[in-house]
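Remember, predicted model here, so these are calculated numbers, not experimental data. Protein chains get the first letters and strands the later ones, always in sequence-line order, with residue 1 at the start of each.
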Amino acid sequence: MELLEGLNEPQKEAVLYTDGPLLILAGAGSGKTRVLTHRIAFLISQMGISPWNILAITFTNKAAREMRERVDRIVGMGSEAVWVSTFHSCCVRILRRHIDRLGYSGNFVIYDTDDQKSLMKEIFQRQNINTKVYKEKGILAKISHAKEEGTGPSEYEKEARGEEELLTASLYREYQRRLQANNALDFDDLLVKTVELFEQYPEILADYQERFRYIMVDEYQDTNNIQFRFVSLLASRYRNLCVVGDDDQSIYRFRGANIYNILDFEDTFPETKVIRLEQNYRSTQNILEAANSVIRNNTERKEKTLWTENEPGSLIHFRQFMNGFEEAEYVAGEISSAHRSLDADYRDFAILYRTNAQSRMFEEKFVMSGIPYKIVGGVNFYARKEIKDLVCYLRTVANATDDLAVNRIVNVPRRGIGAATLTRVSEYAVSHGLSQFQAMENAREIPGIGRSLGKLEGFVRLIRVLRTKADDLSVSELLEEIIHQIGYVEDLEAEGTEESQARIENIDELISTAASYEELCKKEGSTPSLSGFLEEIALVADVDSVDEEDNHVLLMTLHSAKGLEFSRVFMVGMDEGIFPGQGTVLYGDDSDMEEERRLCYVGITRAKQDLTMTSARSRMLRGKIEELQVSRFVKEVPRDLVETGQVYTDTRKKLEQMRSSQIIGSTMKQVFSPALKRTKPENPGKPASLDYGPGDQVLHVKFGYGTVISIVDGGRDYEVTVDFEKYGTKKMFAGFARLRKC
DNA sequence: CGTAGTTTTGTTTTT
DNA sequence: CAAAACTACG
């Protein structure tokens, strides 16, 4: 069959197994997207399933877009009826239709983290909470976790023990009350409310169960409990649930992802078929071996070993520097020279780090060296002040009850409406049961408003004018109208700084985003709307905008890199206290460390051809210079796979550099030798004797079972020749091969 | 009410 | 060492 061409055996099996629960354990680079898209195509073209009955859930919009394109390509006509979306956008689509049953209106707004914080801050102020003891962020984190567990305010209150939890319970209740009053949902609510809807209205659930007879979930290891409930509810009728994931790549526990969703999938759905994809098509043998060696140190995982038919490739490079400055210089230098000698293009490189803050130094060096680059993540595009301001104007125009948006822009640009006035407005609003904007419309009635009355009236007039115009204008035109009316860009131009210039560029980008949203709607045949646009931008992540066509180096966190691949990867900041992070090293337990290790595994497996890890002996942290040890993860890579190389020397000060490179060179041995003891105490180089001999059956992690042909004492180690059942005869060093007698 | 200057706070990771 | 939050003055 044409559809199955080019797929390996387990991949084919996964495509053909269509009925009942299916768990695909797909290692990094094992072609899982391919399997999923072919599976969808198979369902439609061979099984005669209507595209309408298929739901595919991905983690990011980018993944959804990619899958959509690939499905379109193989399925062709009718493929657009397949729902390919993220959890969140899928929920939004469902809620827009039915949320009125839950006491919200269909044009609800979605609050981002910033909005959540402002709202909580307001609640704190109103209730006179001591911000020295309790932090908005901390309470919000608790609420978020409660929501991920599906615990509502009442239930939380019942279970609350101790002062802090009781306070959280009451704040949780108030927070939800305020959200609802503003007709707003936060990220977690999107899932919570959908599940609530399904549980309270079985007929609505039944509708969607009928509709989504075949459900596929990608990156299943990163689902949290509420997402699990959502999927289980939908799939409980037809039970055609196919989940794809890799427990070794579960890196979102901090945000509620429950690794046991994938580890225990077979227990939850007893008739589950399990298929493992362990052949990697992405990386060289050395890179894969390094990844396998690192992840092997985790205990909470499903045992598996990735293998590949690719070349061994070059060794993993490791470089240690005196400080972060030299580290960045080295990376920039390597990229420049590779580019100059035409070995690689800029787009082949990615710099991966643990925290966003680490990007700065690389950015500076890249600017100096003229290397084109793009930073993914950091401050979300839509969280930037100028963008947020304008979006809040749009929100105000779209939704009369969005108090948060109104309060944000009422004095942007300066209209002389200050804190005192706003407090009066808000008191009036609360006592009369009005929204903030409605109260402003009645400003005349508000006691003590005094001189601010005219200013408020001016603001109300402006919004009314914009609302009227919104009916005839497209989103991008409305945006330009707003910018024109409030003179936003003019103000920025007047500033004339580099920063204000960057903001103007961001604003231009926002306008073109609006324009392309309209384009997309036209192409799809849907009607562009203001609320549609707002929804679109509320759910995008920064990775979503990564474009493989652009020729620049990408800088991003290890988290953002999941699902991507690059020819050449630099994992920078490989220091104890940075990666693994300080919190994990000092306060974390084993499972925290295992999560960090999985993150490292994700990083290593992003590389196709070439991987470099770097560290620094000292770094500037929180304004202090700190001495750092090399990351334990570097030490977990077998010595034989690593090349420490000539230490990079700056051309400016040869002499000094040579001295420091000698120092670094001499530390290199110390870096690695204790490592081998630590991570593989059972394998200290050449063993005194071997517990197997010629003729014995042995097991190898990668090649499986085989028979020992001969053993030669090679001085440093024994050279063993083994005839493997599946891979034929291989020669290997006993100390490294870790053969087990059986 | 707005600004400039001062103090405090903070580091994971993000849909 | 930043950025954010707070304070005091014009």
Heavy-atom pair with the smallest gap, counting every atom of Ile578(A) and Gly573(A): CG2-O, 3.4 Å
Glu219(A) bridged to Lys32(A) by N-O distance under 4.0 Å: yes
Value in whole Å for how far the P atom of dT13(B) lies from CD of Gln358(A): 9 Å
Phe187(A) aromatic ring stacked with six-membered ring of dT15(B), 5.5 Å and 30°: yes
Aromatic stack Phe87(A)/dT15(B): centroid gap under 5.5 Å, interplanar angle under 30°: no
Between dT13(B) (P) and Glu596(A) (CD): distance, integer Å: 11 Å
Pair pattern of DNA chain B in dot-bracket, where unpaired bases get dots and | marks partners in another strand, Watson-Crick or G-U under 3.5 angstrom: ||||||||||.....
Which atoms of nucleotides 3-8 of chain C (N or O only) lie under 3.5 Å from a protein N or O atom, and what are those distances?
{"unit_1": "dA3(C)", "atom_1": "OP1", "unit_2": "Arg360(A)", "atom_2": "NH2", "d": "3.4"}

Any Asn356(A) side-chain nitrogen or oxygen under 4.0 Å from OP1 or OP2 of dT13(B): yes
Plane angle bin for Phe533(A) and Tyr517(A) - parallel if under 30°, tilted between 30 and 60°, otherwise perpendicular: tilted
Salt bridge (Lys or Arg N to Asp or Glu O under 4.0 Å) contacts touching residues 143-152 of chain A (sequence neighbours left out): Lys147(A)-Asp186(A), Lys147(A)-Asp189(A)
Value in whole Å for how far the C1' atom of dT14(B) lies from OH of Tyr353(A): 14 Å
Value in whole Å for how far the C1' atom of dT13(B) lies from NE2 of His145(A): 12 Å
Lys193(A) to Phe108(A), cation-pi by 6.0 Å centre distance and 45° axis angle: no
Heavy-atom side-chain contact between Val425(A) and Ile449(A) under 4.5 Å: yes
Considering all heavy atoms, the nearest Leu95(A)-Leu190(A) contact: CD1-O, 3.5 Å
Side-chain donor-acceptor distances from residues 406-416 of chain A under 3.5 Å, at least two apart:
{"unit_1": "Asn407(A)", "atom_1": "OD1", "unit_2": "Gln436(A)", "atom_2": "NE2", "d": "3.0"}
{"unit_1": "Arg408(A)", "atom_1": "NE", "unit_2": "Asp389(A)", "atom_2": "OD1", "d": "3.0"}
{"unit_1": "Arg408(A)", "atom_1": "NH2", "unit_2": "Asp389(A)", "atom_2": "OD1", "d": "3.3"}
{"unit_1": "Asn411(A)", "atom_1": "OD1", "unit_2": "Arg415(A)", "atom_2": "N", "d": "2.7"}
{"unit_1": "Asn411(A)", "atom_1": "OD1", "unit_2": "Gly416(A)", "atom_2": "N", "d": "3.2"}
{"unit_1": "Asn411(A)", "atom_1": "OD1", "unit_2": "Ile417(A)", "atom_2": "N", "d": "3.2"}
{"unit_1": "Asn411(A)", "atom_1": "ND2", "unit_2": "Ile417(A)", "atom_2": "O", "d": "3.0"}
{"unit_1": "Arg415(A)", "atom_1": "NE", "unit_2": "Val410(A)", "atom_2": "O", "d": "2.9"}
{"unit_1": "Arg415(A)", "atom_1": "NH2", "unit_2": "Tyr393(A)", "atom_2": "OH", "d": "2.5"}
{"unit_1": "Arg415(A)", "atom_1": "NH2", "unit_2": "Ile409(A)", "atom_2": "O", "d": "3.0"}
{"unit_1": "Arg415(A)", "atom_1": "NH2", "unit_2": "Val412(A)", "atom_2": "O", "d": "3.0"}

Side-chain N or O of Thr557(A) closer than 4.0 Å to phosphate OP1/OP2 of dT14(B): yes
Value in whole Å for how far the P atom of dT14(B) lies from NZ of Lys62(A): 16 Å
Heavy-atom side-chain contact between Arg632(A) and Pro580(A) under 4.5 Å: yes
Rounded distance in Å - CD1 (Ile57(A)) to C1' (dT15(B)): 13 Å
Sole candidate of Tyr252(A), Phe87(A), Tyr220(A) that passes ring pair (Phe, Tyr, Trp, His ring centres under 6.0 Å) when paired with Phe59(A): Tyr252(A)
Qualifying salt bridge (Lys or Arg N to Asp or Glu O under 4.0 Å) pairs, either residue in residues 135-145 of chain A, two or more places apart: Lys142(A)-Glu164(A)
Distance test, side-chain N/O of Ser560(A) to OP1/OP2 of dT13(B), below 4.0 Å: no
Nucleic acid footprint by protein, nucleotides 1-10 of chain B - heavy-atom cut-off 4.0 Å, B for base, S for sugar-phosphate alone: SSS-----SS
Whole-Å distance separating the CG atom of Asp222(A) from the C1' atom of dT14(B): 11 Å
Whole angstrom value for the distance that separates P of dT13(B) from OH of Tyr252(A): 11 Å
Mutual orientation of the aromatic rings belonging to Phe187(A) and His88(A) [parallel < 30°, tilted 30-60°, perpendicular > 60°]: perpendicular
Comparing Thr584(A) and Asn61(A) on DNA chain B - which has the more 5′ nearest nucleotide: Thr584(A)
P gap between dA4(C) and dT13(B), integer Å: 14 Å
